[in-house]
Amino acid sequence: MDLIDDPAPGQNAPEFSVSELSGAVKRMIEGEFSHVRVRAEVGRVSRPRSGHVYLDLKDDRAVLSGVIWKGVASRLATQPEEGMEVVATGRLTTFPGQSKYQIVIEDIAPAGAGALMAMLEKRKVQLAAEGLFAAERKRPIPFLPEVIGVVTSPSGAVIRDILHRLRDRFPRKVLIWPVAVQGAKCAPEVARAIEGFNRLAPGGALPRPDLLIIARGGGSIEDLWGFNEEIVVRAAAASKIPLISAVGHETDTTLIDHAADRRAPTPTAAAEMAVPVRRDLLAWAAEQDARMTQALTQAIGRRGQRLVDLSRALPRPDTLLDGPRLRLDRAGDRLPAALRATTQHGHVRLSRAAAGLRPGLLTGRIERRRDRLDAMAMRLAPALTRATLAGRRELDRIAARLDPTRIEEARARKARDLDLLAARLSRAGSTRTEALRKRLDALDRMRQTLGYRETLKRGYAVVRGDGAVVTTTAAARAAERLEVEFMDGTLEISGENPPQKSKKSKPKPPPPDQGSLF
Amino acid sequence: MTDKPVDEMSFEEAMAELEAVVGQLERGDVALEASIELYERGAKLKARCEVKLKEAEEKVAAITLDQDGNPTGTTPVEGL
């Protein structure tokens with residue numbers, strides 16, 4: 001065995017207190033990672049009232065807590081959102097009190113254009129789902145706005161382009177709301193400008209625009225990013241004043257373009273959409289005037305010509321009357337002659353009818369009828385006599401054929417037949433009656449031998465109580481009176497129940513033999 | 001025809017009605033008296049359009065903002 005114990009490995013290392021060790025770790029970490037850039041996906045983000053932003057940075061295997069102090073957070077061009085790919089710049093620090101370390105972020109930016117586009121697409125889908133881009137939300141742009149509000153940078157080519165094009169087409173009142181068009185202040189200022197223009201009361205100190213143009217020149221996706229921010233998109237969608245967006249070049253599309261009522265590819269194009277060309281309108285007005293005058297002149301000319309034509313075609317009043325007058329004259333001429341002719345015609349018909357009416361003619365006809373009547377009357381009496389004679393002769397002839405002797409003979413013969421038949425009938429009847437009588441007597445005798453009276457002769461008797469035959473002692477006791485029939489007559493005996501004086505039904509007195517029991 | 005007085009019409013309203021009036025007159029199916037009335041109305045509408053076209057005055061101003069970004073007034077903008 002060794003004299004000296006072999007101590008466990010490391011036991012000769014110096015001992016730290018926890019604070020010492022934590023302090024050493026802190027110094028080491030803060031020294032080593034005083035400026036780092038880390039690429040990560042943003043995890044959970046929390047924004048307490050303090051204004052600081054706490055968030056997790058993560059990849060598929062590790063998580064790093066992060067904090068963005070209030071002052072830094074308000075300056076950021078891109079606010080971190082969950083799911084965003086970012087590159088965060090900052091320093092690591094530890095919390096010795098909790099055995100934790102975290103990154104204090106000084107800047108955070110989307111990790112490349114791909115990440116930005118992905119985020120943009122996600123936001124677009126989300127806002128579209130809310131209906132902010134719906135076609136039915138779009139309002140028409142006024143034909144000729146009085147006041148145009150332009151939200152853009154007050155310096156730069158954009159506002160100049162817009163003003164130039166407006167001046168060419170139709171000079172208007174223009175109110176410029178100056179805003180930052182890139183960087184962190186861009187989105188809040190643009191949103192505020194849109195809302196501010198909408199808040200102006202019509203007829204107030206500041207004239208309320210009829211139309212808004214939100215404009216910015218071309219730039220990188222990061223430069224234009226402010227116009228993709230939700231507050232700007234919501235402000236544009238909520239604007240009561242029709243709004244044209246003209247952000248970037250034709251190929252750049254920002255989310256405000258979807259929420260705007262019209263999208264212009266360039267600021268100049270926005271000015272063209274905003275107003276019509278004044279010269280064209282003046283020419284148009286002159287043309288309307290000319291067309292109107294011409295139309296009226298034509299209308300009057302056409303009617304005048306028509307009037308002339310019609311009046312030419314109108315006949316003179318005399319000519320109109322000539323024809324009828326001629327007809328009247330002719331008719332007047334023909335009238336007396338026609339009357340005369342009608343009278344004559346009537347006359348002729350009357351004379352013709354009257355000619356046939358002569359008394360002689362009538363008398364002749366009456367004479368002829370009377371002659372015929374007389375001739376008929378004369379033939380009437382001989383004819384009747386002849387008919388009567390003929391009828392009588394026929395009667396006599398038939399009467400002569402009626403002979404009473406023959407009828408008498410027939411009657412006598414029938415009477416004889418009848419007598420014979422009656423005798424036969426009588427004979428047959430008495431024979432039959434005799435036979436029936438004998439049978440009846442025999443039957444009666446048999447009846448008597450079988451009847452109860454024959455039994456009486458042998459010493460039996462029939463007892464009747466109150467008219468009915470009594471066959472039991474109980475019935476005999478119940479009867480008021482008993483009759484006993486013998487062979488030669490009946491004998492009456494009073495029953496055990498003499499008739500009651502009153503007809504009232506009383507319980508029957510008990511039989512005497514029962515009374516003796518008590 | 002609307003009941004709105006011509007003097008209160010916007011350019012666009014006056015323009016639309018003027019077009020309708022001209023169309024009616026050109027169709028020629030309006031009674032003579034009515035067409036004269038139409039013509040008179042058309043003349044008023046055209047005058048209204050011209051008034052609005054003559055109001056072509058350029059006036060550019062920028063809004064001035066206070067510390068909190070609220071509008072306080074305007075300042076004329078020139079030279080753009």
Side-chain angles (χ1 to χ4, degrees), chain A residues 142-151 154-156 159-164 166-167 169-179 185 188-189 192-193 196-197 199-200 205-207 210 275-276 278-279 281-282 284-300 302-303, chain B residues 9-65 68-80:
Chain A
F143 183 78
L144 180 57
E146 296 281 334
V147 181
I148 301 170
V150 182
V151 176
S155 57
I159 185 65
R160 194 174 301 131
D161 288 350
I162 291 174
L163 291 176
H164 280 179
L166 286 179
R167 198 171 296 145
R169 290 171 71 89
F170 207 128
R172 296 277 78 186
K173 293 193 189 76
V174 176
L175 267 180
I176 302 169
W177 191 301
V179 292
K185 286 201 283 183
E189 285 188 10
R192 195 183 191 111
F197 270 138
R199 263 201 300 277
L200 296 180
L206 288 173
D210 309 306
V275 292
R278 178 166 170 266
R279 274 193 314 279
L281 291 177
L282 282 169
W284 172 85
E287 189 207 326
Q288 298 303 306
D289 196 21
R291 278 169 66 186
M292 208 164 57
T293 310
Q294 196 196 356
L296 191 66
T297 314
Q298 267 183 3
I300 292 171
R302 227 172 24 243
R303 284 177 170 88
Chain B
M9 282 184 178
S10 72
F11 178 84
E12 201 177 356
E13 286 168 333
M15 184 172 96
E17 200 181 322
L18 179 55
E19 273 178 335
V21 164
V22 171
Q24 261 182 299
L25 279 174
E26 284 182 341
R27 274 201 305 282
D29 52 4
V30 188
L32 191 61
E33 294 217 359
S35 71
I36 288 166
E37 272 174 35
L38 269 181
Y39 179 84
E40 283 169 356
R41 184 156 179 91
K44 272 190 208 161
L45 290 165
K46 188 226 162 196
R48 176 68 181 165
C49 285
E50 282 183 332
V51 165
K52 299 304 282 179
L53 290 175
K54 280 187 185 121
E55 283 172 3
E57 172 205 10
E58 182 182 282
K59 195 170 158 193
V60 183
I63 288 176
T64 52
L65 302 169
D68 301 325
N70 292 316
T72 52
T74 58
T75 163
V77 173
E78 273 158 24
L80 283 177

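Below, chain A is the first sequence line, B the second, and so on; all start at residue 1.
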J.: Please assess Val22(B) against Glu287(A) for the test side chain to side chain contact (heavy atoms under 4.5 Å, CB included), listing each intermediate value before the final yes or no.
T.: CA-CA 10 Å; Val22(B) 171; Glu287(A) 189 207 326; over 6 Å; no
J.: Considering only heavy atoms, which portion of Thr293(A) lies under 4.5 Å from any heavy atom of chain B: side chain, backbone, both, or neither?
T.: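 Both backbone and side chain of Thr293(A) come within 4.5 Å of chain B.
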J.: So which of Arg160(A), Arg302(A), His164(A), Arg172(A) has the largest heavy-atom pair count under 4.5 angstrom toward chain B?
T.: Arg172(A)
J.: At a 4.5 Å cut-off on heavy atoms, which part of Leu206(A) comes close to chain B: side chain, backbone, both, or neither?
T.: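 Side chain only.
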J.: Between Cys49(B), Ala61(B), Gly73(B), Ala62(B), which has the largest tally of heavy atom pairs under 4.5 Å with chain A?
T.: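 With the most close heavy-atom pairs to chain A, the winner is Ala61(B).
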J.: Any side-chain heavy atom of Leu144(A) sitting closer than 4.5 Å to one from Met15(B)?
T.: no
J.: Just verifying a value: how many Å separate Glu26(B) CD and Gln298(A) CD, rounded to the nearest 0.5 Å?
T.: 8.5 Å
J.: Indicate yes or no: at least one non-hydrogen side-chain atom of Pro71(B) is less than 4.5 angstrom from one of Trp177(A).
T.: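 Yes, side chains in contact.
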J.: Restricting to non-hydrogen atoms, name the atom on Leu163(A) and the atom on Glu58(B) that form the minimum distance, rounded to 0.1 Å.
T.: O-OE1, 4.2 Å
J.: How long is the straight-line distance from NZ of Lys59(B) back to CG of Leu175(A), given to the nearest 0.5 Å?
T.: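 Here the rounded value is 9.0 Å.
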J.: Quick one, Phe11(B) and Pro276(A) - any side-chain contact, counting heavy atoms below 4.5 Å?
T.: no
J.: With a 4.5 angstrom heavy-atom cut-off, could you sort out which part of Ala31(B) is near chain A: side chain, backbone, both or neither?
T.: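 Just its backbone gets close to chain A.
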J.: Is Leu282(A) close to chain B through its backbone or its side chain, or both, or neither, when contacts mean heavy atoms under 4.5 Å?
T.: both
J.: Heavy-atom pairs under 4.5 Å with chain B: which of Val174(A), Val147(A), Ile300(A), Leu166(A) has the most?
T.: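 Max contact count across the listed options: Val174(A).
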J.: Can you confirm whether Leu296(A) sits close enough to Ser35(B) that some side-chain heavy atom of one is under 4.5 Å from a side-chain heavy atom of the other?
T.: yes
J.: Mind listing the closest non-hydrogen atom pair of Met292(A) and Ala43(B) along with its distance?
T.: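 In terms of heavy atoms, the two residues are closest at CE-N, 3.4 Å.
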J.: Side chain from CB out, backbone as N, CA, C, O: work out which of these in Glu189(A) comes under 4.5 Å of a heavy atom of chain B, or both, or neither.
T.: neither
J.: What option among Ile36(B), Thr74(B), Leu65(B) has the most heavy-atom pairs under 4.5 Å with chain A?
T.: Leu65(B)
J.: Looking at Gly42(B), Ser10(B), Gly23(B), which has the largest count of heavy-atom pairs under 4.5 Å with chain A?
T.: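 Option with the top pair count is Gly42(B).
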J.: Could you look at Val77(B) and say if it's the side chain, the backbone, both or neither that has a heavy atom under 4.5 Å from chain A?
T.: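 The side chain, not the backbone.
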J.: Side chain, backbone, both or neither: which part of Leu45(B) has a non-hydrogen atom closer than 4.5 Å to chain A?
T.: neither
J.: Taking all non-hydrogen atoms of both residues into account, name the closest pair between Val30(B) and Arg303(A) and its distance.
T.: O-NH2, 2.6 Å
J.: Between Val21(B) and Gln288(A), is there a side-chain heavy-atom distance shorter than 4.5 Å?
T.: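 No. Closest side-chain heavy atoms not under 4.5 Å.
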J.: With a 4.5 angstrom heavy-atom cut-off, could you sort out which part of Pro178(A) is near chain B: side chain, backbone, both or neither?
T.: both
J.: How many angstroms lie between CZ in Arg291(A) and CG in Leu18(B), if you round to the nearest 0.5 Å?
T.: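 Answer for the CZ-CG pair, Arg291(A) versus Leu18(B), is 9.0 Å.
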J.: To the nearest 0.5 Å, what is the distance between NZ on Lys52(B) and CZ on Phe170(A)?
T.: 9.0 Å
J.: Is it true that Glu55(B) and Arg278(A) have a side-chain N and a carboxylate O under 4.0 angstrom from each other?
T.: no
